[in-house]
Amino acid sequence: MPSFDAIVIGGGTNGLACATRLAQAGQRVLVIEGRDKLGGSTAETDPWPGYRSPCLSHLLTHLDPRVETQMKLADHGLSFVDRNIPSTALALDGNHLVLTGAAGDTISGLISDADRTAWQGLRKRLMGFAGALAPFRAMTPPRLAKESGNQYLKLAQLGLGLRRLGRDEFREFLRLALINIADVLEDDLADDRLRGLVAFDTVLGAWMGPRSPNSLFLYLNRLSGEISGKRGATALPRSGMGSVATAMIQSAKTAGVELKSGAMVERIIVENDRATGVALASGEEISATTVISAINPKTTFLDLVGPRHIDTGFANRTRNIRSRGGAAKLHLALKGTPDFRGANLRSRLVIAPSIRSVEDAFNAVKYGEVPTRPVMEIILPSAFEAGHAPDGHHVLSAIVQFAPHEPKDGKESARNAMLENTLSVLEDHAPGIRALIEHSDFLMPYDIEDRYGMAGGNWHHGELAVEQMLFLRPFPAVAQYSTPIAGLWLAGAGNHPGGGVSGAPGWNAAERILSRGRS
Amino acid sequence: MNYDAIIIGAGHNGLVTACYLARAGLKVVVVEKNDWVGGAAVSRSLHPGFTYSNCSYVSSLFRPEIMRDLELPKYGLQVLPYEGGAVMTRDGGYLAIFRDHEANRREFSRHSPRDAEAYDPYSRDVFRHCRFIRPLLMRTPPDPARFRPRDLAELAWLGKKTFDLSESQIYEMIRFWTMSISDFLDEYFENPVVKAYLAVSAIIGTALGPMSPGSAYVLLHHYMGDVDGNVGAWGYARGGMGSITAALSASLTDSGGEIRVGKGVEKVLVQNGQAVGVALDDGEEIRAKRVISNMDVKRTFLKHVDEAELPASFVKQVRNFKIRGSSGKLNIALDAAPKFTALPEGSPMYKGDLHFTDSIERMERAYDDWKAGHFSRDPFQDVMIPTMIDPTMAPPGKHFMSCFVQYAPPKIEGQDWTDADRDAFGQTCINQIDDYAPGFKDLVLHAEIRTPRELEAEVGLTEGNIFQGELTFDQLLFNRPVPGYAQYRSPIKDLWICGSSTHPGGGVMGAPGRNAAAEILRDIRVPTDMSDAYAVL
């Protein structure tokens, strides 16, 4: 039975990042992935002949700078079509609004001067807050205890960073930290398209509407991401999202990580409260000094470790990780070019005409129902570069919100209704698009759960919400990546700073594991 | 005539401030636009023989320290604790509510044995949060953006108090403060009726639904009161809620304070950046060393102070203050006691809160209507019949019923309420009661229907918000009413605010009024015999 310093369960971006960091520090590391393909939800598929399509994530907003540089992703083939693709807020009358630059530093389209100025002010303020919060992403969450081994110096610096924004800005930060985004947008802006776009971006991937208190914090979280040093960027990798996964796999290999895909971990072997290895579905057992789970924390504790090795309170706490998925994923193969009333297809197309439209779409899923007018973010990778679809054809990828994860009327009927409503909204904005559809693939949150092992279909492996962030993510006892079981660590999106293709949780976990070894 | 202080508005907080100042030897006058005192804590006779608590309707939050300092029992205030209540379900059943923990637990077990088990840890956890927050009520919030000794000392006190908790308790508290009541209850309970009952306190008076993050805190806001030292208990003020303000008025007059009713304030007079008095509607001017407004912050600064006297940034902050009303009220004179099909006759449940909303989903859907700018089609109602305990409010054999209703928006789809809207709203509520008590409609002798429009017109609560400002974190503690002005002061020297727009917020609590008085007396270095905050727990 082969033995490793560390086994990483899950070959998604966080698993790869964690493994690479450990291997770079000289450890013998094995990554085990249950699916045939590494890369998790970042990988790509070839669903239909001639077409390539992203799996789940189709854009990059957070790529941890340490991961990007220390994994030398550029050397391993990662480059970008555009590091800051524009966002188009689609309007039914063709009066679209286009935001370009980091988090929309310029707006084009018909919009009042008052709104233009107000947006600049709001954006600057929020970018300032996000900048002050960004360093938190790259550290183990502090503990709120007197003797805790926190990085006090760093925390003090971060605290000071917020205070340095100035007294008035600091006060504004304290006021806005837990406010809802809708109120802020309504206070400052009058334009429905702009409000709708920001409201949509705020709750993208979340299980809450723009009127939910604490939602503004999610927008700050979005803005705190960076790509190649650019904050607030939305980047499209060259040759698709799959190239992020490919570059990471290459980097891991170069660092000496062993990769094993198509192998299901059946359980984590625990002896005397210590994790000593994993048992695969094939019956094979592999031992290691450290076992690191970069998959869902619920699956990790409830299925792989099992109730026998954890106490009841801990098991309950694990069950209480809120993990409702609210996003569906649509892929279309189109035999022509769709026309979104003149919108530039080389941009991120957002259908969320108002705050109300986003809130209404959320209302339905609270009761396990399908919204009549879903809101969505659309990307046509084939409009940016060749190679995604046959000539003259296109592939469309859309994140559609909100979709119920536990539909009242059954999964089949909810999927059909959701797809129909989605296509009908699309048709309204791009007349004739339905006639262009050659193939379609539609994933509801429960399909995503089945396919990618994300509990509840939540992309973040646990809802991103203030009460499940930082030292509360996924819950306090395991928020510093360590677990009550010696030798078992968490390194997935379920931990701080959460999901999105960033590699940050994996990298943070590796740093923590290494510093533990040193001390 | 020159006063030491003019208080604008004879609501309970204005009167509390006035009482404390008068007791400290200041010459005070309270001016009130209505012909009666009380603000939203009033008893009014609107139908012969009946007394309505026509705004606030139950008491629990009123701080016992204030009651003792101002000797309110001596001036006639009597709070009658009540027992009982029920959630009636659509299928004709009910969940009975008792004040006794064990009795409640037994009743829960009838619906779900698991929930009965969970009730102990639930109560323990909630009251731990409650214990933490209660001492904060009677303290002026620190300004975390300044480094004055008093702010640093107060922050240090808060820090120490926090770190007196265990590490896991701190985490649980932060979670509790930020999560939705629905998610919180899901961690303990399974039965929808039990959850619906427990969620109620989290939405009362609030423009949030049970699934809104932050709603769990609002629950605490309603739990931290007590009646006779029983924390979390509620009672009726004998003779209606006006008895509280009547006792305050008597206490004030006894201390030499003056109250002038029927005197609406037109403007706060400001000279050289300093408040010097008020100009009344009728042209009269009253001068004083300081002016204290019990009106909400929007009304005070946007309607009764010249904008030119205020910094533009402050005016913007006040404009952005959130004060959307979310509730309405029906006050009904009944010919006889109603009979609810689900409840056994003569049951003690009639003595408490009666609810028909038997699931969180129904409650949340009622909120969805509010968000869309409608009153709820299937509203949540907190129905009470105070005359089951206090016979002074109706003729023998007849009853006064108070129905608190969620949700009613400040405007209907962006338009002002019309009389037809109001009547439709009232009809919706009455129909709902009739569904559970057939024949109820025939008992109605008179009904007063109050939407946010009526609340604003009569009581002066902007947008009909009963808390003088929403209770979300962006408007609590040092953020209330607006950052930088949480210490009862305003940008204008000698103009103070003492209403529920300030910390710790709404409810018939008296704490804002008391804290404002403490700040004023501290400012002019007058020694007081004010009780310090103490925790009953």
Side-chain angles (χ1 to χ4, degrees), chain A residues 143-148 163 165-180 182-184 186-188 207-209 211-217 313 316-317 319-320 322 324 355-356 359-360 362-364 366-368 408 463 465-472 475-477 479, chain B residues 143-147 162-163 165-180 182-184 186-188 207-217 313 316-317 319-320 322 324 360-361 364-365 367-368 371-373 470 472-480 482-484 486:
Chain A
R143 282 178 56 190
L144 301 182
K146 282 169 195 150
E147 289 154 42
S148 52
R163 186 60 185 81
L165 295 168
R167 180 183 290 167
D168 289 343
E169 285 305 290
F170 181 61
R171 280 190 175 135
E172 268 307 272
F173 175 75
L174 293 179
R175 182 178 79 92
L176 296 177
L178 297 178
I179 204 171
N180 71 81
D183 280 350
V184 175
E186 285 175 353
D187 282 346
D188 286 11
W207 202 87
M208 62 171 74
R211 291 217 176 275
S212 295
N214 310 347
S215 51
L216 179 119
F217 200 81
N316 280 339
R317 203 57 206 75
R319 280 191 198 96
N320 282 341
R322 287 206 326 275
R324 294 165 292 200
I355 294 175
R356 173 89 183 264
E359 190 71 27
D360 282 353
F362 174 62
N363 279 347
K366 293 188 289 192
Y367 318 116
K408 263 181 193 162
E463 286 165 44
V466 167
E467 67 274 23
Q468 283 195 158
M469 283 170 98
L470 209 66
F471 44 72
L472 303 176
F475 57 93
Chain B
D143 183 345
R146 296 179 74 165
F147 298 115
T162 306
F163 281 95
L165 299 170
S166 75
E167 186 182 357
S168 65
Q169 285 174 344
I170 300 176
Y171 296 132
E172 288 312 310
M173 189 172 72
I174 297 174
R175 261 165 45 79
F176 180 83
W177 280 44
T178 46
M179 73 198 298
S180 79
S182 168
D183 290 335
F184 183 69
D186 277 345
E187 294 189 358
Y188 297 87
L208 294 176
M211 294 184 180
S212 301
S215 52
Y217 166 76
S313 60
K316 187 175 176 218
Q317 283 180 305
R319 285 221 171 92
N320 287 347
K322 302 289 175 286
R324 290 162 292 209
I360 298 257
E361 176 171 336
E364 182 73 18
R365 282 186 190 273
Y367 173 59
D368 288 347
K371 285 194 294 187
E470 296 171 36
T472 45
F473 279 98
D474 46 303
Q475 302 194 152
L476 285 173
L477 283 166
F478 42 76
N479 287 329
R480 192 169 185 89
V482 298

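From a predicted model like this one, the values you see are computed outputs, not experimental measurements. Atoms considered below: every heavy atom in the structure, side chains included; atoms not considered: hydrogens, waters and symmetry mates. Lettering follows sequence order; numbering is per chain, from 1.
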Could you tell me which non-hydrogen atom of B:Ala372 sits nearest to which non-hydrogen atom of A:Arg356, and how far apart they are? CB-NH2, 3.4 Å
Distance-only, no hydrogens or angles: does the B:Tyr171 side chain make a donor-acceptor pair with backbone N or O of A:Phe475 under 3.5 Å? no
At their closest point, which heavy atom of A:Met208 faces which heavy atom of B:Pro213, and how far apart are they? CE-CG, 4.5 Å
First locate atom CG of A:Asn320, then atom CG of B:Asp186, and finally report the distance between them rounded to the nearest 0.5 Å. 8.5 Å
Please flag which part of B:Asn479 lies under 4.5 Å from any non-hydrogen atom of chain A: side chain, backbone, both or neither. side chain
Work out which heavy atom in A:Tyr367 is nearest to a heavy atom in B:Arg365; give both atom names and the distance. OH-N, 3.2 Å
Residue part contacting chain A, namely of B:Tyr188, when any heavy atom lies under 4.5 Å: neither
Among A:Glu172, A:Glu186, A:Arg324, which residue forms the greatest number of heavy-atom pairs with chain B at distances under 4.5 Å? A:Arg324
For the backbone of B:Thr178 and the side chain of A:Asn214, can you confirm whether one donor and one acceptor N or O come within less than 3.5 Å of each other? yes
Identify which part of A:Arg319 has an atom lying under 4.5 Å from any heavy atom of chain B, answering side chain, backbone, both or neither. neither
Portion of B:Leu208 that has a non-hydrogen atom of chain A nearer than 4.5 angstrom: side chain
Output yes when B:Asp368 and A:Lys366 qualify as a salt bridge under the 4.0 Å nitrogen-oxygen rule, no when they do not. yes
Is A:Asn316 close to chain B through its backbone or its side chain, or both, or neither, when contacts mean heavy atoms under 4.5 Å? neither
So, the side chain of A:Arg167 versus the backbone of B:Ala145: is there a donor-acceptor pair under 3.5 Å, distance only? yes
Can you say whether B:Phe478 sits under 4.5 Å from chain A via the side chain, the backbone, both, or neither, judging by heavy atoms? side chain
Separation of A:Leu216 CG from B:Asp474 CG (nearest 0.5 Å): 10.0 Å
When A:Asp168, A:Asn180, A:Asp183 are compared by non-hydrogen pairs under 4.5 Å with chain B, the top option: A:Asp183
Nearest heavy-atom contact between A:Arg211 and B:Lys371 is CD-CD, 4.0 Å
Proximal component of B:Arg480, with respect to chain A [non-hydrogen, under 4.5 Å]: neither
Out of B:Glu364, B:Met179, B:Met211, B:Lys316, return the one with the most heavy atom pairs under 4.5 angstrom to chain A. B:Glu364
So for B:Ala207, is it side chain, backbone, both, or neither that comes closer than 4.5 Å to the heavy atoms of chain A? neither
With a 4.5 Å cut-off on heavy-atom pairs, point out which of B:Gln475, B:Arg319, B:Arg175 contacts chain A the most. B:Arg175
Regarding A:Arg171 and B:Asp143, does a basic nitrogen lie under 4.0 Å from an acidic carboxylate oxygen? yes
